[in-house]
Amino acid sequence: MTLPAPLGQRRVLAGIALLMLACLFFASNDTAGKVLVVSGVPVVMAIWGRYVAQAVAISAVALPLRGRTLLRTRQPGFHLLRGLMLLGGSVFVFWSLLYMPVGELTAIIMITPLLVTLLGATVLKERVSPLRWLLVAGGFAGTLVIIRPGGSAFGWVMVLPLLQVAFSCGFQLLTSRMARTEDPFTMHFYTSWVGVLATSLAVPLAWAPLASPWLWLLMAGMGALSTVGHLLFIGAFQRAPASTLMPYVYVQIGFAMLAGWLVFGHVPDGWSMLGMALIAACGMTGAWLSVQEMRARLAPVPARQA
């Protein structure tokens with residue numbers, strides 16, 4: 001059923017608003033993670049606390065809505081692999097946050113959609129236009145401007161967000177495949193509990209007393225921020241097509257920069273700002289190109305004259 005134009009427009013605008021709000025929650029979540037690790041909380045312990053709170057929160061929301069159907073899945077192996085992919089990315093995010101500002105880290109992570117384009121061409125043998133190749137190159141150039149190989153600021157730490165990007169690409173490719181048959185709530189439920197089980201095996205080795213009870217509250221808050229962010233993200237895609245929403249994902253860079261300034265007093269230098277702007281510009285252009293390609297595919301073919 002086709003919605004009336006004003007109603008359809010309101011749904012799209014609501015989807016955009018939900019997506020931007022989700023990006024605010026994700027940036028806040030990363031900022032809270034940085035507060036934890038710089039306060040002396042071991043990385044493994046911080047990740048474990050975040051996953052426990054996230055798993056409890058998504059269970060409390062999804063089980064009343066879905067009941068036993070929440071547990072039904074056709075792809076248990078992929079759920080396990082997807083959960084481990086997200087966990088691997090989380091490890092490198094927290095490890096990076098120990099050394100890097102939130103804004104710069106977020107910008108590097110945002111090259112993931114561009115890298116997925118590259119993987120689609122090389123692994124899945126998808127056709128990629130010359131303009132998309134140019135955008136991928138631009139995104140990588142922006143990343144190089146931020147990390148500056150050979151510069152005084154470059155070190156082994158700069159490899160950490162690139163490893164996170166690698167895990168994130170695998171996570172996104174799996175998500176794209178599984179979303180055709182799996183309930184989003186089921187995917188988020190299994191992903192969260194895989195993280196809990198995996199980190200529970202390692203956390204006894206890294207356990208340490210926390211300096212303040214507020215750090216426990218902050219870990220719980222991270223789980224809540226992550227869960228609400230993912231639910232807002234799902235709600236956005238229920239109201240508007242991905243091609244419309246993707247350009248707005250890059251507002252997370254701005255939110256991360258703002259959070260870094262408010263909480264840590266960090267302002268990116270000129271080169272980092274240039275790199276972040278280049279990544280955002282290439283990403284948004286790539287999303288705009290997706291919109292144009294979709295419209296071209298959906299356009300009616302004119303009838304041939306007899």
Side-chain angles (χ1 to χ4, degrees), residues 21-54 57 86-112 143 146-148 153-168 171 195 199 202-203 206-230 233 249-269 272-273 275-276 279-280:
L21 191 57
C23 290
L24 175 60
F25 273 80
F26 292 147
S28 301
N29 183 62
D30 289 340
T31 305
K34 184 171 179 65
V35 172
L36 281 176
V37 294
V38 300
S39 298
V41 178
V43 168
V44 174
M45 191 172 170
I47 296 172
W48 172 82
R50 173 257 177 104
Y51 267 105
V52 169
Q54 178 178 318
L86 184 61
L87 175 59
S90 298
V91 169
F92 287 112
V93 164
F94 275 83
W95 202 357
S96 300
L97 287 170
L98 191 57
Y99 304 102
M100 291 185 65
V102 180
E104 283 86 331
L105 172 62
T106 302
I108 294 174
I109 290 173
M110 284 294 165
I111 69 168
T112 301
T143 304
I146 294 174
I147 65 177
R148 278 161 271 177
F154 182 80
W156 67 270
V157 171
M158 293 299 182
V159 178
L160 298 178
L162 299 179
L163 292 172
Q164 192 283 335
V165 168
F167 275 95
S168 183
F171 175 81
T199 53
V203 74
W207 194 267
L210 299 187
S212 167
W214 289 105
L215 296 176
W216 286 108
L217 185 61
L218 189 58
M219 276 197 281
M222 285 182 62
L225 288 169
S226 178
T227 298
V228 173
H230 278 95
F233 202 73
V249 169
Y250 293 87
V251 301
Q252 188 171 336
I253 297 176
F255 286 141
M257 288 173 54
L258 179 62
W261 173 63
L262 290 174
V263 178
F264 302 102
H266 172 75
V267 179
D269 62 24
S272 294
M273 292 285 285
M276 295 159 82
I279 291 171

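Numbering of residues begins at 1 and proceeds along the displayed sequence.
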Report task. Using a 4.5 Å cut-off on heavy atoms from C-beta on, say whether the side chain of Trp207 contacts that of Val44. Result -> no
Report task. Output the distance between atom CZ (Arg50) and atom OG1 (Thr227), rounded to the nearest 0.5 Å. Result -> 8.5 Å
Query raised in the report: Between Val93 and Ile109, which heavy-atom pair has the shortest distance, and what is it?
Result: CG2-CD1, 4.0 Å
Query raised in the report: How far does CD1 of Ile253 sit from CG of Leu258, to the nearest 0.5 angstrom?
Result: 14.0 Å
Query raised in the report: Which heavy-atom pair separates Ala208 from Met45 by the least distance, and what is that distance?
Result: O-CE, 3.2 Å
Query raised in the report: Which heavy atom of Cys23 sits nearest a heavy atom of Val251, and at what distance?
Result: CB-CG2, 3.9 Å
Report task. Would you check, one step at a time, whether the test side chain to side chain contact (heavy atoms under 4.5 Å, CB included) holds for Trp95 with Val37? Result -> CA-CA 8 Å; Trp95 202 357; Val37 294; over 6 Å; no
Query raised in the report: Mind checking whether Met219 and Leu210 have side chains closer than 4.5 Å, heavy atoms only?
Result: yes
Query raised in the report: Rounded to the nearest 0.5 Å, what separation is found between the CG atom of Leu21 and the CZ atom of Phe233?
Result: 12.5 Å
Report summary line: When rounded to the nearest 0.5 Å, the distance separating CZ of Phe94 from CG of Leu105 is 11.0 Å
Report task. Measure the CZ-CG distance between Phe167 and Leu87 for me, rounded to the nearest 0.5 Å. Result -> 8.5 Å
Requested in this report: Look at the side chain of Ser226 and the backbone N and O of Met222, then say whether any donor-acceptor pair between them is shorter than 3.5 Å.
Outcome: no
Report task. List the steps and the verdict of side chain to side chain contact (heavy atoms under 4.5 Å, CB included) for Leu86 and Tyr51. Result -> CA-CA 11 Å; Leu86 184 61; Tyr51 267 105; 3.6 Å; yes
Query raised in the report: Looking only at heavy atoms, which two atoms of Ala256 and Ala27 are closest? And how far apart?
Result: N-CB, 3.8 Å
**Report entry** Smallest separation among heavy atoms of Ile47 and Ser90, with atom names
**Finding:** CD1-O, 3.9 Å
Query raised in the report: Can you tell me if Thr106 uses its side chain to pair, donor with acceptor, with the backbone of Val102 under 3.5 Å?
Result: yes
Report summary line: Smallest heavy-atom separation, Gly229 atom then Phe25 atom, equals CA-CB, 4.0 Å
Requested in this report: Compare all side-chain heavy atoms of Met100 with those of Ile108 and state whether any distance is below 4.5 angstrom.
Outcome: yes
